[in-house]
Each structure stands twice: as C-alpha cells, then as structure tokens.
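Okay, structure first, notes after.
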Amino acid sequence: MKELAAKYSAKEVEDKWYAYWLKNRFFHSEPNEKQPYTIVIPPPNVTGILHMGHVLNNTLNDVLIRKARMDGKNACWVPGTDHASIATESKVVAKLKDMGIKKEDIGREEFLKHAWDWKEEHGGIILEQLRKLGCSCDWDRTRFTMEPELSDAVINTFVYFYKKGWIYKGVRMVNWDPVAHTAVSDDEVIHKDTKSHFYHLKYYISDGNGNPTDQYLVIATTRPETIMADAAICVNPKDERHFWLKGKKVLIPLINREIPVIEDDYVEMDFGTGCLKVTPAHDMHDYEIGLRHNLPVLEIIDDSGCLNEKAEILIGEDRFVARKKICKMLEEAGNLVKVEEYISPVGYSERTDAVIEPKLSAQWFLKMEKLASMALETVESGRTQFIPEKYMNTYRHWMENARDWCISRQLWWGQRIPAWYLPDGKFVVESTAEAALEAAQAIDPSIKAEDLRQDEDVLDTWFSSWLWPISVFDPQMPGHPDHKPNADLAYYYPTSDLVTGPDIIFFWVARMIMAGEEFMGREPFSHVYFTGIVRDKIGRKMSKTLGNSPNPLDLIENYGADAVRIGMLLCSSAGNDIFYDEAQVKQGAAFCNKIWNSYRLVKGFQVDEELAQAPAAKVAVDWFRAKLSDTVALVEDHYSKFRISDALMTIYKLFWDDYCAWYLEAIKPAFGQPVDKATYDATLYFFEELLKLIHPVMPFITEELWQDIAERREGDTIMYAPTPKAEAFDPEVLKSFELAAEIVNGVRGTRNQKNIAPKQQLSLMIKGAFHSEMIPLVEKMANANVQVVADFGAAQGVGFMVRTLEAFIVLDTLVNVEEELEKSQKELEYQQKFLAGVRAKLSNERFTANAPAAVIENERKKEADSLSKIEILENKINQLKNSK
RNA sequence: GGGCGGUUAGCUCAGUUGGUUCAGAGCAUCUGCCUUACAAGCAGAGGGUCACUGGUUCGAAUCCAGUACCGCCCACCA
C-alpha cells in the first residue's frame with residue numbers, strides 16, 4: 001500500500017483478499033490434533049437467492065467460525081444446499097407450463113431431467129453470494145442434499161427405520177395441497193383467520209322411505225359444498241333440544257340421500273345450532289367421529305380440489321365455485337335458513353398458499369414417540385443448549401405432543417421411497433431395486449424385476465436435512481449395516497454451534513437432534529443460537545410482495561461486505577427480531593472509514609530513534625495496555641455467552657473512543673514532529689491487536705491493514721493470527737487515567753459553555769490529591785497549563801469539581817460571579833440531599849443489621865465523599881460571595 | 001382456547017443470583033468547531049415515574065400477584 005486515500009474503498013479490497021484466502025485454502029479443514037470447532041450451514045434452497053435473513057445468519061456463523069479459528073481451534077464450516085422439493089418442483093412445473101408442457105405428459109424421468117437442468121442453471125448462486133459476504137466456508141466440503149451420496153444416506157435411513165418398525169404406511173387424514181398436489185405435514189400448514197360465511201341449512205327428517213316429512217333440523221356449516229359427502233348428523237347426547245331426533249334419519253338437501261342422526265360428546269351444545277354435519281372424508285374431526293360410529297367415507301373432492309362424480313351434482317366444479325353455486329341451489333330449494341358473516345381459522349399451505357383440503361390418503365409415517373423423548377432429554381439435560389433459553393419451553397411443548405411425522409410427499413423431485421410393491425399389493429422395503437427383488441422373491445419365488453413397482457412418492461426434504469450434521473461427514477450413515485467408522489465424522493461430530501431461525505426449530509433443529517441421538521448416540525451440536533426474523537424498520541417482515549427487502553448484493557456493492565456485516569450485527573441480539581435499517585450499514589461503513597483513517601495517521605508517523613518518550617505518551621501507552629486487556633476480557637465474556645452484538649459494540653467503543661479519541665490524541669506528536677520509537681512500536685502493536693480483535697466481524701479491512709502494518713510473506717494471514725489475550729494489569733493505571741480524563745472533560749465542558757476556542761491555551765489549577773505524572777496528559781488533552789496547588793488564591797476564573805478534586809480555570813475575561821454562585825449552590829443542594837439520603841440509610845438499624853458489609857462500607861464512603869464535596873462547595877460559595 | 005415471552009431515552013436494545021453514585025449504550029436530536037488521520041469527522045449538551053396497581057424487603061428496573069397492551073408457538077368449535 002503506497003498512498004492511502006482519505007476514504008476507504010471496500011470494493012478494491014474485498015475481492016482481492018477473498019481470492020487470496022481461497023488460493024491459500026485457508027478455509028479448508030482436515031482432522032488434526034487440534035480441538036475441532038464445527039458448524040454446518042443451515043442449507044439454503046439450492047435455487048434460492050441471498051436475502052437479509054441469510055445475511056444475518058451467515059454473518060453470525062462466520063463471526064463464530066473466524067473467532068474459533070483465531071482461538072487456535074481447527075475450524076470447519078461445512079456449506080451446502082438442500083433440494084427443497086416442493087419449492088423447486090413447483091418452479092420447474094411453472095417453467096414447463098410456460099413451455100406448454102404438463103409434468104404428467106412427460107413422465108417422471110423426463111421431468112427430473114428438467115429439474116436437474118433447473119438446478120444446474122439456478123443452483124448454487126446463493127453459495128457464490130455467500131463468498132461476497134466474506135463467509136469462510138470450507139468450499140471443498142460443499143454438499144447438496146440430493147447428491148448421490150447424500151441420497152443414499154436418506155434411503156438407508158428410511159430402510160433402517162422401516163426395519164426397526166418405526167416407519168409404517170397408514171391411511172390418514174392428511175393436509176392436502178391441491179395446488180402442489182401433495183400432502184404436507186402439519187407444520188407446513190399455516191392457520192390464518194379468514195372471513196367466511198356460516199351457512200344454516202335445513203335437513204328434513206325422512207319418513208323412513210327416503211321422503212321428506214315437514215319436520216327438520218338445522219345445521220350450521222362453513223362448507224356447504226361438502227354436504228353430499230355427509231355420513232350423519234351428530235348431536236350431543238346431553239342436548240335436550242335434540243332428544244326428539246334420536247334414531248331418526250334425515251335427508252341431505254338437493255340429493256336426498258338418507259343419513260342417520262348420531263350422538264357424540266364431541267359436539268358442542270352452545271356452538272352453532274348444536275347439530276353437526278359429519279363429513280368423514282373432508283374433515284379431520286369428522287373422520288374421527290366416523291371411525292367411532294362406523295360411518296362410511298365418501299370422497300367427493302379430487303386431488304385438484306374439484307368435485308367428482310360421487311358428488312352427484314356440480315361435478316367438475318372447483319370447491320370454491322361449487323360453494324357459491326350450491327348456496328344458490330340451496331336457497332332456491334328452500335334449505336337455506338340464513339347466512340352469517342363468520343371469521344374462522346383456515347389452513348393454508350406454507351408453500352403455495354392454497355387452502356388445505358383435509359384428505360384421506362395412504363402416506364408413510366415415522367413414529368415420533370421414542371425419537372421425541374430422546375431429543376427432549378438432550379435439551380433438558382443441557383447437552384444441547386438453546387440461546388436464548390426461552391425456546392426451551394416451546395421445544396418441550398412440541399416434543400411432548402409430537403405426532404407421527406408424515407414423511408411422504410406426492411412429488412418427483414426428491415428421494416423416491418424405497419418401497420417396492422408386489423402384484424398382490426404386498427410390499428418390500430430395501431435400499432436398492434436388486435435387494436428389493438431378492439426380498440420379494442423370498443415371498444414369492446416367481447416374481448421378476450418387471451413385476452415390482454416402486455412407490456411413486458418421494459420423501460419430505462426435512463427427511464434429508466435432519467441427517468445433515470452427520471451425513472455431510474459420513475453419507476453412509478452409522479445406521480447402515482455395513483457402516484465403517486469414518487475419520488471425519490469421528491473428529492467433527494458433534495458439531496459445536498448451530499445458528500438458525502426459530503421458525504425451523506421443529507422442522508429441522510428438533511429432528512437433527514433426534515437423528516443425532518439415534519445414529520450417534522449423542523447431540524449433534526452443543527449450542528443452538530436462534531436469530532430473530534429480519535424485519536424492516538417499521539416492523540414488517542421482509543417480503544418480495546412488499547418490496548421492503550433490500551438486495552444484500554447491492555448493499556455490499558455500495559457499502560462493502562464489512563459494513564453490511566456490522567450493520568446486521570449492530571441491531572441483533574439473540575432471539576430478538578431484527579429491525580433492519582440501512583442507517584446501520586452506514587454506521588458500519590463509517591466505522592471502516594474510521595479504522596482506515598486511524599491507520600493513515602499511524603502509518604504517517606515519522607520515527608526518531610533518539611527521541612525520548614514524551615511523558616504524556618508514556619502514561620497513555622501504559623493506560624491503553626491495561627485498557628486493552630480489560631476490554632479483551634469483556635469481549636471474551638460476551639462471546640462466551642453468545643452476545644455477539646455486545647461483543648461488537650465493546651470492540652467498536654474500544655477502537656473509536658479509547659484508541660482513537662484518547663490514545664492516539666494523547667501520543668500524537670505536534671505537527672511536523674516525529675514520534676519516539678517506544679511509543680511508535682506500542683502504537684503499532686496496539687493497532688495490530690485491535691485488528692485481530694475486529695477481524696471476526698470485519699474480515700476484509702482487517703486483512704488489508706494487517707498485511708500492510710508489518711512485513712508479510714505470501715501465505716500470511718490475519719485469519720490465523722491468535723486472538724488477543726487479556727493480560728494482568730494494575731487497575732490503578734485505569735483509575736488514575738480515568739480521573740485525568742474527567743478533568744480533561746471538565747475543561748472541555750467549560751470551554752463549550754464559555755465559548756472558549758480549543759486553540760486557546762488555558763491555565764488550570766488543581767487542588768487535591770492528583771498524580772503529578774498525569775499532568776502532562778491533562779495539559780495535552782485539555783490544551784492547558786496545569787499546576788497542582790494548595791490554594792487557588794485570588795485568581796479570577798471558573799471552577800469545577802471532579803470527584804473530590806477541585807479544579808480552577810484562570811480566565812482574564814470577566815467572570816459572571818452570579819452565574820458561578822448559582823451553579824455552585826445548585827450543586828450544594830444536590831449534595832446535601834444526597835448526603836441526607838445516605839445518612840438516612842446508615843442510621844436505619846435494620847439496614848446496618850441486614851445489609852452485607854461491603855454495601856455498608858460503600859455507603860460510608862459515599863457519606864465521606866459527599867461531606868468533602870460539601871465542604872469544598874461551601875468554601876467556594878463563600879469566596880464567590882466575598883469577591884462580589 | 002392453551003402455553004410461552006416481552007413492555008427501560010425519539011429508535012434499537014443492555015442492565016449477568018435485589019445493594020458499587022444505577023437508571024446505561026449505540027443511533028437519532030441540539031450546540032459549537034473545516035483543530036494538519038478522518039465533516040463517514042471533532043468537542044460538548046439535553047432526554048426516561050424502568051407499562052400500570054398492589055405486595056414482599058432495611059433496600060425493587062430486578063422478586064411475587066393482578067391489570068393493560070404487544071409478540072411468538074400450539075390448537076381447524078362445525
């Protein structure tokens with residue numbers, strides 16, 4: 001670096017150093033004798049692009065991993081992506097649709113080719129973007145959940161659990177997404193209060209021969225289009241209003257099918273009319289009632305959400321269109337009593353936002369009971385800790401109520417379920433077609449390969465990603481019968497910390513813990529740091545439709561990656577939502593510039609080897625050495641508690657306030673003058689220590705300056721420089737400097753008040769116990785001549801108090817005595833009140849009897865300090881009065 | 001409906017088992033400065049009944065109870 005510009009330019013610097021890091025393979029990790037520190041990335045969607053949530057998450061990850069690396073650990077951050085079956089498949093379907101192709105027409109294999117093309121074209125962009133952010137992932141270890149090895153891991157896992165008896169196929173009411181044409185898990189359904197209508201319908205009592213009598217009952221429903229699937233009307237057995245209905249049969253309006261009236265406690269007497277239409281095929285609860293009462297199940301809605309021929313009427317109509325039409329028909333038929341406005345929770349698909357249709361279908365399930373209780377114990381025992389802890393409660397609640405996991409999806413993009421059906425409907429589960437054939441032939445020796453039909457469904461994407469902390473190191477999985485111990489897995493597992501959003505605590509975090517316990521017999525990570533959700537500054541979630549999400553790459557382009565990282569970290573405390581504001585990124589950029597310019601100053605110093613160290617510089621060097629150690633300890637404490645933004649703020653203030661505003665100002669030679677060698681060396685040393693402290697949060701600028709601050713060779717990097725260590729120091733050094741600084745502040749405050757230019761040198765007298773070695777420092781920082789005196793004499797000027805010291809600025813200009821008097825009297829009043837408070841405490845017997853000795857001691861000190869201040873003030877007031 | 005968390009300065013948040021002069025930080029605001037590294041800067045200043053009500057205690061932002069509001073999770077009263 002030859003000449004330093006007055007402004008820091010991130011762009012020139014960042015690409016250069018990232019390329020350098022890559023070239024030297026600094027991010028790469030192999031097992032060695034050092035302590036491992038491992039993070040697996042929360043795999044983003046393979047075709048996703050970077051958004052602010054990723055920026056937050058990956059910045060935190062990178063801070064942790066860089067810190068660990070500098071702490072001397074063998075840091076390994078494994079990157080990768082997941083295949084996101086629903087999201088990706090729906091994108092590919094949409095693309096094919098634009099080309100006029102339906103996926104059913106081209107078939108599974110052809111479709112998958114398109115999907116892989118899509119993945120090749122759009123995949124991995126996000127990983128490129130993470131490089132821009134400075135993420136130090138071990139790219140040689142990049143994984144994808146659908147790469148062949150990891151797919152094998154998934155299939156093997158399925159077979160493993162099947163053979164263990166924990167996977168079963170069951171007919172269940174599932175959440176059907178009629179747009180994506182797949183079942184989705186309970187967790188992927190979002191309930192939103194939705195404005196709808198409550199339709200009150202007359203059902204006439206049958207005369208027993210399928211003809212209506214003139215008696216009727218009224219039911220209330222939000223889904224009149226499903227009445228054709230009704231199997232019964234249900235009332236509460238205790239409901240006196242409906243006793244007369246016992247044993248009766250009623251007729252479904254419009255189609256006149258006869259159904260019985262049944263009784264079940266499930267029906268709430270005071271809700272609706274107390275009569276419930278039971279539609280087992282299209283309602284979860286009704287299905288349960290149907291099971292209890294042996295009711296037939298009649299499905300009238302098809303996979304796309306349209307009525308089928310079993311509905312008898314409105315065949316082929318979409319369920320919502322049918323709802324409108326049937327209302328009209330019911331009204332015309334005289335069955336519609338009234339329609340109420342009604343708000344009720346409706347389930348929507350997380351992926352497609354389609355209204356979920358409860359649907360009966362055959363699905364694969366994984367039993368949760370054992371896995372959940374193991375995973376709960378992992379967290380309750382503290383082997384995995386949540387940060388913040390509050391998520392523990394949420395986690396426990398879920399684990400105690402976990403329902404079996406529906407792991408099949410009616411999609412093609414994903415790992416196909418390794419179940420093969422025999423012609424007679426029996427099936428075998430094996431990891432390969434060959435093994436399946438063998439197993440099938442054990443059942444029926446006449447079976448040939450072409451007789452077997454593999455299950456059409458694929459597995460839930462989370463069924464891949466729950467293996468992530470294991471499979472990225474050892475795709476064969478320890479559950480595999482031929483498993484051989486793997487060096488990577490043995491070394492890197494369990495991973496250290498996981499950084500992720502609380503929204504996937506059940507989808508992903510809980511299930512990784514389950515897999516970890518099942519396959520490894522221990523937790524997959526020791527800490528889980530939950531970030532908040534990134535919102536805009538008025539609290540709205542960032543979303544494409546609102547357009548309130550900035551493009552992180554634009555921000556990096558404009559402000560630099562270091563600034564963007566700081567901007568995110570400044571406003572993030574664990575578990576709290578992040579209110580993102582570009583102003584914070586600007587603050588980050590300003591910090592870069594501050595670091596840059598302080599370096600310009602330091603680098604510009606002329607050194608005179610012969611020169612003796614200036615007294616003010618010596619004091620400053622001693623002080624900053626202590627201050628650095630003091631702060632390093634504090635920063636370490638913050639990191640150990642995952643208070644990343646506090647750690648950052650502590651470093652920020654150390655650099656800006658302590659190093660720049662105090663230290664550098666104190667040692668800075670006069671214009672054109674050289675600095676002595678001892679001070680110069682100390683200054684460079686401090687600067688380098690500070691760079692190391694800052695590096696995990698701002699990797700680029702720190703590398704740039706670190707490379708320049710001393711002679712470096714190819715292959716040197718700040719990335720592996722050791723984290724500054726806190727050293728022992730004398731606390732008195734800090735205290736006496738702080739006292740001097742307070743005096744300086746007092747002078748500066750007076751300057752401001754009296755409008756005295758900083759250039760104008762002042763004459764300052766100090767009365768009381770003040771270290772003489774601090775005098776040169778005060779003289780320099782306050783631009784004043786300092787004398788420690790026993791008496792101020794008859795000098796004209798302005799006084800102020802610092803703790804129990806009294807200071808006096810001599811001024812030629814006339815001083816407003818009245819003003820001074822008033823100021824002192826106010827201060828006196830405050831002190832007297834304060835003293836009264838302290839004395840009240842001390843004279844309270846119960847206080848002195850109960851409070852710890854240290855607290856009482858402190859109160860006595862307060863009393864003494866206050867007394868001496870009062871004395872000083874009273875003297876001063878007298879003097880002022882006399883001088884009038 | 002059930003559970004959990006929150007409410008501290010204009011904004012975002014600290015405040016670590018009740019006790020160091022405890023009411024803090026950053027940003028924002030205001031005042032004065034182009035002082036030879038930095039105006040993306042320097043030096044100062046103002047600003048809060050710690051949501052409300054009661055209780056425990058010598059002592060409460062901190063512990064307890066209730067109230068109000070906010071947020072999150074779980075749960076399809078059709």
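Lettering of chains follows the sequences in order, A, B, ..., and the numbering in each one begins at 1. Worth saying up front: this structure is predicted, and the values here are computed from it rather than measured.
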For A:Asn236, which residues count as a side chain to side chain contact (heavy atoms under 4.5 Å, CB included) partner, sequence neighbours excluded? A:Lys238, A:Asp239, A:Asp265, A:Val267, A:Met269
Distance check, C1' atoms only: B:rC69 and B:rA60, in whole angstrom units. 23 Å
Any salt bridge (Lys or Arg N to Asp or Glu O under 4.0 Å) involving residues 280-290 of chain A? Give me the pairs, sequence neighbours left out, ordered by first then second residue. none
My understanding is that only residues two or more places apart in sequence, or in another chain, count here; which of them pass salt bridge (charged side-chain N to carboxylate O under 4.0 Å, His left out) with A:Asp646? none
Is A:Arg860 close enough to B:rG19 that one of its side-chain N or O atoms is under 4.0 Å from OP1 or OP2 there? no
Taking ring-ring contact (aromatic ring centres under 6.0 Å, His included) as the definition, give me every residue that meets it alongside A:Tyr830, ordered by chain and number, with sequence neighbours left out. none
Is A:Asn393 touching bases, backbone alone, or none of the nucleic acid, heavy atoms closer than 4.0 Å? sugar-phosphate
For A:His200, all residues meeting ring-ring contact (aromatic ring centres under 6.0 Å, His included), sequence neighbours excluded: A:Phe198
Send over the distance from A:Phe847 CZ to B:rA60 P, rounded to a whole Å. 12 Å
Return each pair, listed once, that meets salt bridge (Lys or Arg N to Asp or Glu O under 4.0 Å) where at least one residue sits in residues 836-852 of chain A; pairs must be two or more places apart or across chains. A:Arg839-A:Glu863, A:Lys841-A:Glu859
Wobble G-U and Watson-Crick pairs count when both distances are under 3.5 Å; given that, what is the 5' to 3' dot-bracket string of RNA chain B, with | for pairing to other strands? (((((((..((((.....[....)))).(((((.......))))).....(((((..]....))))))))))))....
So, do A:Ile856 and A:Phe847 sit near enough that their side-chain heavy atoms are less than 4.5 Å apart? yes
Protein-proximity profile, nucleotides 35-44 of chain B, B/S/- by nucleotide at the 4.0 Å heavy-atom cutoff, equals BBBB-BSSBS
Give me the distance, rounded to whole Å, that separates B:rG19 from B:rG59 when you measure between the P atoms they each carry. 15 Å
Show me the pairs that pass salt bridge (Lys or Arg N to Asp or Glu O under 4.0 Å) and involve residues 650-661 of chain A, at least two apart or across chains. none
Using the C1' atom in both, what is the distance from B:rU16 to B:rA61, to the nearest Å? 14 Å
State whether a side-chain donor-acceptor pair under 3.5 Å links A:Tyr652 with A:Gln587. yes
A:Met399 CE to B:rG3 C1', in whole Å, measures 17 Å
When you check every protein heavy atom under 4.0 Å of nucleotides 71-78 of chain B, what one-letter string (B, S, -) results, 5' to 3'? --SSSBBB
Expressed as a whole number of angstroms, how long is the span from A:Lys653:NZ to B:rG26:C1'? 7 Å
With A:Trp176, which residues qualify under ring-ring contact (aromatic ring centres under 6.0 Å, His included), at least two apart? none
Contacts of A:Glu263 meeting side-chain hydrogen bond (donor to acceptor under 3.5 Å, both in side chains) (sequence neighbours excluded), chain-then-number -> none
Candidate nucleotides B:rC58, B:rC13, B:rC4, ranked by approach to the side chain of A:Phe579 - the nearest: B:rC13
Any idea which of B:rG26, B:rG32, B:rC58 is nearest the A:Met649 side chain? B:rG26
